[in-house]
Amino acid sequence: MRSRHFAGSSLVALLVAAAPIMAQGVSTQLGGRVLDNQGAGVAGATVVIRNAETGLTRTLQTSAEGRYLATLLPVGPYTVTVTKAGFQTASNVKVNLNLGDAAPLTIKLAPETGAVVEVVAATAQVDTERASAAAIVSPDNLTNLPVFNRNFTNLATLTPQVVVDSSRGNLAIAGQRGVNTSINIDGGDNNEPFFGGATGSAEGKTPFTISIEAIREYQVITDGASAEFGRMGGGYVNAITKNGTNDLSGSLFYYQRPRAWVEAGPTLRQPNGSTSTYPVGDFQQEQFGFSVGGPIVKDKLFYFVAYDAQRRKDPVDMKWGGTNPPTGLYPLDPANPADAVLLSKTGSYSPKSDSDVYFLRFDWNPTIDHNIQLRLNHSDFKGVTGASITAASENLASDNVKTDSYVLQWNWVISANWMNEFRVSLSKDDMPRSTYSNMPEVSISNVGYYGAYPFDRTYNTKRTQFQENISYVTPTFQVKAGVDYNDINVSEFFAGNWQGVYFFNNITDFRNGNWSTYRQNFGLSGDVHQAGLFDTSYKQMAAFIQTEWRLTDTFKLGVGVRWDKQENPDYPILDMSNPLAASMPISAKIPSDSQFSPRASFTWTPAFDHGKTVVRGSIGRYVSTTPAVFFYQVYAANGVRTGQVDFRGATASTTFGIPRGNATTFTGGAPFNPSNPYWISSFPAGAPLPAFNIWTFNPDFKNPYTDRVNLGAERAFFNDLVLGVSATYAKGNQLERTADLNIGTPTMGAYGRLLYPARPNTTYGTMGMYFSDATSLYHAYTASLKYHKDGSPFDAQLYYTYAINKDSDSNERNYSGISIQDAGNLGAQWGYADTDRRQVLTGYFSALDQKVTGILFSLSFRYQTGTPYTLTYNRDMNGDSNTSNDRFFANGVDSGRNTFRAGSNLYMDLGLRREFLLTKRLKATASLDVFNVLNRQDTYLSTRIKTSTPASTDAAPVLENSQNWVGSARQIQIGARFAF
């Protein structure tokens, strides 16, 4: 046990860390027992708990058994004073309460006539009551560990069972899809309702949407969350922000990555003899800002302000054909009109990634029974999309992301036993994207792009959330009940290719003006912007009740149930109950969903081990949500609002007058003009409507849920070393997947592959439907090591997880792709999930050289085995009109889904900190962070099907290998920080 000495008191105090269910939100609690020197409970003792930062005070009386419990306490340092007639006063006992802790404090009072005893407090190294599987990212971690791009959630990957999904870059926790992870900040929902993932990070461009300077600490909960928390099938990140205190404090910081200290990627020599290089452009990145907080009225009103910014440029040395230009491209001839256009659009450019984040928080304690918090956060990111070595600068689009969030919370201590929490939060997310050009895009295979980026949009969401919780608390029994109401509004226009795209098969065809396809999206009942504008609202509602019983001194039981409802938009969608109908009626509705989630948990502290061991377990159901991107697809892609038309070659040119050819070979009335390509202002009269792709929901569609079981144990050794083991089983049900109803009944091909006939319904192309019948199975085994000792210069944490994660579909949020190879056999899709990482080793250690250099040294590391992938053809082999889902067959045997593996990878990040005391209150910290300190450029050979493989057979496809690498090269960041 850790020993700490406190002056000015005559007692022996025993601190036992714990985290009951009531402490999983944005506050913490403190409880325990007051005993006499014989170990009997002292009834009627007065316990005064005072926050050392803000003066917030709570006064309690112990029960007949000497027990007390104070809930709804803000995190931070506290002093505890205990008085009782006939006993010496225990005064100024210091204890620090972290997020998720309850830190019960058992105090043994000395008789009033006894000798004065030096105060000794000892804290157990294990959380003896916490049932949830949780890891804390502490304030020291946020300050001392290297954090790439200063995004606070990056440290979540140092905790167990947390990986980054390869599809959307979301945190995937405990084997579930990343889209089913929840992120809460100050109790408010910080999730993107349209795409899923964190608010403002749907495109993975923003470095951060809230400053790490404003985050005080956070938990990563993988298992055992109480019924208060929902809308996540995996786990959740629970963060709280900083508040002002009675002491004026602040910081000023600046960080930069010098270009000379950024390594290039590896040079890969391919099996065919070619090489691939990954040079570093002359990029620039700097991050800077400040924070300040203090009192407005001492002990009553406080403020905290933070500003954080990034300025970054990533120069692109644009070159037609890239690093391996096709034969016949160069030299470009300025006398040739087509070549002259390419020459005029050649040149380097520097896309920017600029971000500004503003944070403001007020805390007000009008009385000892009321605490009110108001938090405002604004993030403004300005960047671009579409940049690449083969894209002209005009082919970019501005990609701005603005987020705003407001949280108002009121905590009310009604009486000694009754507590109330009320919270209202509002979050807004705007992501407009505007093209740099307004003429059609020109796409030349293996050469490059110019013209308008084809996927512009207007987009915004707004979430209004109300939460009301009430608790009844005694030292041995707690019950908490509450409701959660979310009103969500989503508005978007997105009609890809509405400005038109010309496709050329090669540079020769471009010079001759012979495009193969002209593609454009039209409004089928008016202007494409109005026809494709999606503006709707839907609601998420929940109610819960959670109880906790202290049945004995060594056993605690928690039981709860949660109800979740997602009330989806009620606009009409396609009814595909008759898949052969010539015209699908628009008469169905998106199904709404309502589910109950029972949960139970326990902790057991064996008496024979004197509090050194804790066994904890949980079982429960966790319901996820369905992102609104699926609602948008069934609204817009119904064959009535908008539709994409492909005009093919010479026939379309002659029929519809789309210019094609050059000055000597043109047809259709005029030659193709490469400097100003023709655009169709409205749907051509007489043009036949193509067989549009359409989408709808299955009438039985439900939100996904996960049934989870967790069992673990921890034990303290040598006072400061804690070893732990845990096992997790999770079964995912009702997972979303896509399917095409318009593919007919297959027959068996010569080599064992099912072959589909022509589409049965010739009126439509893909008739996509969202089903909720995919499943997943995850089991993981984790071993942990933690070392922490007060006053010690060394700190360490290590997690090793062995996991197997399988599912029948790993769809993150692909709303228009069909990944299932054989629609009638979902079982044949069963395989390793995209998020399967068989072995993961994560952790950190830090050490302070107090005697010689004064440098704080830290090293964090992340190792994981390779991600699975499927070996597929790049063309349609089974006749279902899908070119992306046909798997490799070997001797008539399906190779299966996700049966191949990419390479494993290891990242080690080094941090060095050196403090300099400038004045009594002002200190400066110089820092050096080295990301991927070993410059591990993990390469591996992947397998793919050679493009020259005959399309007509599965008998003897030709395989080839390709050299690849994972990760990023070494980068070094230097920084300076002033704090007072």
Side-chain angles (χ1 to χ4, degrees), residues 272 274 318-333 336-346 386 388-392 394-395 437 439-455 496-497 499-521 644-680 690 765 872-877 881-884 886 944-952 958:
N272 62 8
S274 65
M318 189 271 166
K319 181 180 180 182
W320 297 112
T323 56
N324 295 298
T327 302
L329 175 58
Y330 291 107
L332 293 172
D333 181 4
N336 182 295
D339 283 12
V341 170
L342 297 183
L343 286 168
S344 69
K345 299 179 185 298
T346 305
S388 77
I389 193 174
T390 58
E394 69 177 32
N395 192 236
S437 173
M439 71 180 189
E441 181 183 67
V442 175
S443 171
I444 312 168
S445 181
N446 296 320
V447 175
Y449 312 86
Y450 69 88
Y453 182 78
F455 304 112
N497 306 308
Q499 291 174 289
V501 180
Y502 286 91
F503 294 93
F504 292 88
N505 291 327
N506 50 59
I507 185 61
T508 301
D509 283 352
F510 173 68
R511 286 167 174 160
N512 292 327
N514 293 329
W515 45 266
S516 59
T517 303
Y518 174 69
R519 176 176 296 165
Q520 187 171 335
N521 204 316
Q644 182 173 280
V645 181
D646 284 353
F647 300 92
R648 308 284 186 183
T651 301
S653 174
T654 302
T655 304
F656 304 111
I658 307 173
R660 190 173 188 272
N662 58 27
T664 59
T665 64
F666 71 88
T667 58
F672 173 76
N673 183 353
S675 63
N676 187 21
Y678 174 76
W679 177 73
I680 304 176
T872 59
Y873 293 83
N874 60 356
R875 56 182 176 269
D876 183 16
M877 298 293 293
S881 302
N882 190 336
T883 61
S884 63
D886 295 295
R944 63 185 181 185
I945 301 173
K946 197 169 185 179
T947 55
S948 60
T949 296
S952 60
V958 180

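We use all heavy atoms of the structure for the numbers below, so side chains are in, but hydrogens, waters and symmetry mates are not. Numbers here simply count residues along the sequence, with the first being 1.
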S.K.: Using every non-hydrogen atom in the two residues, find where Val442 and Pro677 come nearest and quote the distance to one decimal.
M.R.: CG2-CG, 3.9 Å
S.K.: Which atom pair, heavy atoms only, marks the closest approach of Val341 to Pro674?
M.R.: CG1-O, 3.7 Å
S.K.: So which atom in Phe504 and which in Trp515 form the shortest heavy-atom distance, rounded to 0.1 Å?
M.R.: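 Result for this residue pair: CE2-N, 3.3 Å.
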S.K.: Check whether Glu394 reaches the backbone of Gly451 with its side chain - one donor and one acceptor, N or O, closer than 3.5 Å.
M.R.: yes
S.K.: Show your reasoning for whether side chain to side chain contact (heavy atoms under 4.5 Å, CB included) applies to Gln520 and Val645.
M.R.: CA-CA 6 Å; Gln520 187 171 335; Val645 181; 6.0 Å; no
S.K.: Using modelled atom types only, decide if a donor and an acceptor are shared between the side chain of Asp886 and the backbone of Met877 within a distance under 3.5 Å.
M.R.: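 It does hold such a pair.
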S.K.: Of the non-hydrogen atoms in Gly386 and Ala391, which two are nearest, and what is the gap between them?
M.R.: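 Taking Gly386 first and Ala391 second, the nearest heavy atoms are O-CB, 3.5 Å.
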S.K.: What is the distance from atom OH of Tyr678 to atom CD1 of Ile658, rounded to the nearest 0.5 Å?
M.R.: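 Tyr678 atom OH to Ile658 atom CD1 measures 7.0 Å (nearest 0.5 Å).
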S.K.: Closest approach of Ile507 and Leu342, non-hydrogen atoms and distance?
M.R.: CD1-CD1, 4.0 Å
S.K.: Quick one, Ser884 and Thr872 - any side-chain contact, counting heavy atoms below 4.5 Å?
M.R.: no
S.K.: Determine, step by step, whether Gln499 and Glu441 satisfy the side chain to side chain contact (heavy atoms under 4.5 Å, CB included) criterion, reporting the C-alpha distance in whole Å, the side-chain angles of both residues, the deciding distance to 0.1 Å, and the verdict.
M.R.: CA-CA 8 Å; Gln499 291 174 289; Glu441 181 183 67; over 6 Å; no
S.K.: Any side-chain heavy atom of Lys319 within less than 4.5 Å of one from Thr346?
M.R.: no
S.K.: Looking at Phe647, I want to see if its CZ is surrounded by more than 12 non-hydrogen atoms of other residues, nucleotides or ligands under 6.0 Å.
M.R.: yes
S.K.: Provide the closest heavy-atom pair for Pro440 versus Val501 in the form atom of the first, atom of the second, distance.
M.R.: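 Shortest heavy-atom contact: CB-N, 4.5 Å.
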S.K.: Can you confirm whether the side chains of Arg875 and Thr883 place a donor and an acceptor under 3.5 Å from each other?
M.R.: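 Their side chains do not contain a donor-acceptor pair, so the 3.5 Å distance test is not met.
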S.K.: Atom OG1 of Thr508 and atom CG of Leu329: how far apart are they, to the nearest 0.5 Å?
M.R.: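 Atom-to-atom, Thr508:OG1 and Leu329:CG are 9.5 Å apart.
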S.K.: Distance check, rounded to the nearest 0.5 Å: Asp509 atom CG versus Ser445 atom OG?
M.R.: 10.0 Å
S.K.: Between Ser437 and Met439 (side chain of the first, backbone of the second, donor and acceptor by atom type, cut-off under 3.5 Å), is there such a pair?
M.R.: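 Yes, the answer is positive, given that a donor and an acceptor are paired below the 3.5 Å cut-off.
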S.K.: Return the CG to OG1 distance between Asn506 and Thr327, rounded to the nearest 0.5 Å.
M.R.: 11.5 Å
S.K.: Report the C-alpha separation of Asn497 and Phe455 in whole Å, then their side-chain angles, then the decisive distance to 0.1 Å, and conclude whether the side chain to side chain contact (heavy atoms under 4.5 Å, CB included) test is met.
M.R.: CA-CA 6 Å; Asn497 306 308; Phe455 304 112; 4.2 Å; yes
S.K.: Assert yes or no for the condition that the ring centre distance of Phe656 to Tyr518 is strictly below 6.0 Å.
M.R.: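 No, the ring centres sit 6.0 Å or more apart.
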S.K.: Side chain to side chain contact (heavy atoms under 4.5 Å, CB included) between Leu332 and Trp320: does it pass, once the steps are laid out?
M.R.: CA-CA 10 Å; Leu332 293 172; Trp320 297 112; 4.2 Å; yes
S.K.: Could you measure the distance from the CZ atom of Phe510 to the CD1 atom of Ile444? Nearest 0.5 Å is fine.
M.R.: 4.0 Å
S.K.: Distance from Asn505 atom CG to Asn446 atom CG, nearest 0.5 Å?
M.R.: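 These two atoms lie 10.0 Å from each other.
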